[in-house]
Amino acid sequence: MSTQPVRAHALVAVLVVAGGITSVAAADPPRPGTEDNGLTENESATLWSRDTDDYVSQFAYRERYGENRTPVQQVANGTDVTFTQPPETAATWTRHDFRDLDPGGANTSLHPPHADLADGVFIRDAHATMFAVQPSTRAHLAANETPLYVAPNGTLRGLVDYRVQVPGGATGNTTSDWSLLSHDITAVRLLEGGEPVANTTGSQTPTLAYRLPAEWATTLTLEADIEVRLQHTTRRDGETVETTVETETVTVRDSRAVEVYDPSVTTHYATYPNGDVGVTVFQSRPWQGFTLTPDGDGRVRGVWRFYTARNTNWDTLVRATQDGTTAVESDALPVFVHAYPSRIGPRTEPVRRGPNLLDVWGVTRTSPVGTLGDNVAVDVVNQSYTTTYGLAVRADDIDRDALQVRGVVRGVNATVTEPAGGAGRELRSSTLSVRVRDRTPTHATLRLELRDARSGAPIELDDPARQHSIHDASRDGVIAIGDQQVATNASGVAIVTVDDPGIYTARYQPGSWLSHEPAYVSSTATVRWHPLGTLDGWVALLVDLGWRLLPFAVVYYAGTRVLRLLGANTRFQ
């Protein structure tokens, strides 16, 4: 057993009953600083996102333990700490804590409650159970999708245990004496898709370094062969009748579905007319973000954030003997990295001086909030979100040779590839003009013209109602003016009718420069229209005003005539 300090978490007393186990209270994580597991007290405090977050004040903590906590420990006591990149702390803790596993001897089998047990004639309660696969990240993608991403090169740790049931007894004047000659784990293998990728022998707590092929979804299997040899002596009336050696072998295994995380991203670049550089990065799996310069001063982060949490299946273990089973507190807690989509969303850094985020695209998924488990308080999205498989930014300084794309699994950076047609895109200026072609007192017809600023060639735009993919070669984009969106024809011209006098600003909104060669930047143009801007407008206004005043003139004329008649009648009386 471990000689390190006793853990600071406690379990309720365990009541042992024949052939079964009573329930055991869930364990709290160790108090920071109570164990030597390769981490500082602050690092250890950030691990436990599945703790209950029952905050204890600094005064109460000092009264209870006779010491103060650091600010990080205080924060971690009341909420969960999240990270912008997958931390190494989970693997460090797990690697050190794994050494505290203390398997049983020939008469005792130690296993977690979820272990898949196998029994033979002599071998009982046998199992091989994965403790941890690292580096790895559990990605919470959607309500029903939580793949485990594993690095192509990593380490699997497991627990293999069993107990030996030695028979015996007598029938009449015949006795059977059994004695255990040997017991051993003769082989431990790690299989990927049914093919061995690593092996060892003789260890109840095997550590297997592996290298996996760059495939997508696969299955890892921890498999162990357990062998026992017993001597069987038969006696009749005290005399030895027969002595034989019985050998039994049982193979046990534990499988886990994983996805080998070895991303390859596609990049595109464009140079703006003012010298700025645009870059897009696309990968069909979650990825963390990328840096644009050697010093990392310009960074782009996707929607993903990270937290660490223990695997609660290992909070308690079961100790099985011939007399029954007992639940005991686990001396080893594996901790894993989890990735989740954050409400903060994608962003660039530095916030004020960093690159400008242009576009985000990916798959729309439902919120994975229900997959995080109990007592996890992080800023996970609570509605549908975009996975940010693709990000486009504009910056004044990008070093292509220094571009580094970071994955959601610790230590895994994506391979950067360029498309067959090249990663560069020509990005030109556009010229947009607008003038009043025709007008009436009630409306005006505007003529918009869009051309290449360099060559003067017209720019034709497709119907804005048509939908395009990111790789569509069509010339998408629109010109927005007032509350309308229009497309130009083959001559680069569009006609718009407006009926509200005023100043109109037209803006060319080009499609993604990924889709076009050459591509264009936006441009604007302004025109003013009012009915009184021409002589015809004044004439029309006067005519309209005359018609509007005509009823009043008629009433006035009729009134004056009536008054005159009344006046004349008065004089004759």
Side-chain angles (χ1 to χ4, degrees), residues 1-31 34-35 37 48 50-52 93-94 96-132 157-169 178-180 183-185 188 203-206 222 224 226-228 230 248 250-254 310-335 374:
M1 275 291 184
S2 169
T3 58
Q4 67 180 359
V6 176
R7 291 177 181 260
H9 57 296
L11 296 172
V12 297
V14 178
L15 177 63
V16 181
V17 295
I21 318 163
T22 62
S23 61
V24 181
D28 290 328
R31 182 165 56 89
T34 59
E35 297 199 8
N37 272 287
W48 314 110
R50 286 203 175 106
D51 63 356
T52 55
W93 170 278
T94 301
H96 285 78
D97 220 37
F98 179 66
R99 298 178 303 190
D100 297 339
L101 271 180
D102 188 19
N107 300 320
T108 303
S109 173
L110 188 71
H111 64 268
H114 68 284
D116 187 11
L117 302 180
D119 289 331
V121 177
F122 310 115
I123 300 173
R124 303 292 179 88
D125 298 316
H127 74 98
T129 305
M130 295 184 190
F131 183 77
R157 293 176 172 84
L159 172 63
V160 182
D161 209 357
Y162 59 94
R163 65 181 180 87
V164 181
Q165 184 83 15
V166 179
W178 293 84
S179 59
L180 180 61
H183 63 97
D184 195 11
I185 299 170
V188 179
S203 175
Q204 290 181 268
T205 53
L222 175 64
I226 303 168
E227 181 182 282
V228 299
L230 294 91
E248 181 179 47
V250 170
T251 299
V252 288
R253 59 185 57 87
D254 181 24
R310 75 188 192 277
N311 183 347
T312 56
N313 289 336
W314 290 83
D315 282 356
T316 60
L317 299 176
V318 179
R319 181 173 289 125
T321 65
Q322 185 173 351
D323 297 326
T325 54
T326 305
V328 297
E329 179 185 358
S330 176
D331 284 324
L333 297 176
V335 177
D374 297 333

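Here, residue 1 is the first one in the sequence, and each next residue gets the next number. Atoms considered below: every heavy atom in the structure, side chains included; atoms not considered: hydrogens, waters and symmetry mates.
Aromatic ring orientation, F122 versus W178: tilted (interplanar angle from 30° to 60°). Using a 30° and 60° split on the angle between ring planes, F98 and F131 fall in the tilted class, from 30° to 60°.
When all heavy atoms of L159 and H127 are compared, the closest pair comes out as O-CE1, 3.5 Å. Nearest approach of V188 to S203, heavy atoms of both residues: CG2-O, 4.0 Å. In this structure, I185 and A224 approach most closely via the heavy-atom pair CG2-CB, 4.3 Å. L333 approaches D97 most closely through the heavy-atom pair N-OD2, 2.7 Å. Contact between V335 and W48 at its shortest, heavy atoms only, is CG2-CZ3, 3.6 Å. Considering every non-hydrogen atom in both L110 and D102, the closest pair reads CD2-O, 3.4 Å.
Partners of D161 according to the salt bridge (charged side-chain N to carboxylate O under 4.0 Å, His left out) rule, which considers only residues two or more places apart in sequence or in another chain, do not exist here.
Pairs engaging residues 112-131 under the salt bridge (Lys or Arg N to Asp or Glu O under 4.0 Å) rule: D125-R163 [sequence neighbours left out].
Atom-to-atom distance recorded for D331:CG and W314:CH2 is 12.0 Å, nearest 0.5 angstrom. Considering OG1 of T108 and OH of Y162, their distance stands at 11.5 Å, rounded to 0.5 Å. Note that NE2 of H114 is 6.5 Å distant from CG of N311, once rounded to the nearest 0.5 Å. Here S109 contributes atom OG and Q204 contributes atom CD; the two are 9.0 Å apart, rounded to the nearest 0.5 Å.
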Give the C-alpha distance, both sets of side-chain angles, the deciding distance and a yes or no for side chain to side chain contact (heavy atoms under 4.5 Å, CB included) between L222 and T129. CA-CA 7 Å; L222 175 64; T129 305; 5.9 Å; no

Before giving the answer on side chain to side chain contact (heavy atoms under 4.5 Å, CB included), spell out for L101 and L317 the whole-Å C-alpha distance, their side-chain angles and the decisive distance to 0.1 Å. CA-CA 10 Å; L101 271 180; L317 299 176; 4.1 Å; yes

### Message
Run D315 and R310 through side chain to side chain contact (heavy atoms under 4.5 Å, CB included) and show every step you take.
### Response
CA-CA 9 Å; D315 282 356; R310 75 188 192 277; 2.9 Å; yes

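Between the side chain of E248 and the main chain of V121, a donor-acceptor pair closer than 3.5 Å is present. Not one N or O on the side chain of T325 forms a donor-acceptor pair closer than 3.5 Å with the backbone of V318.
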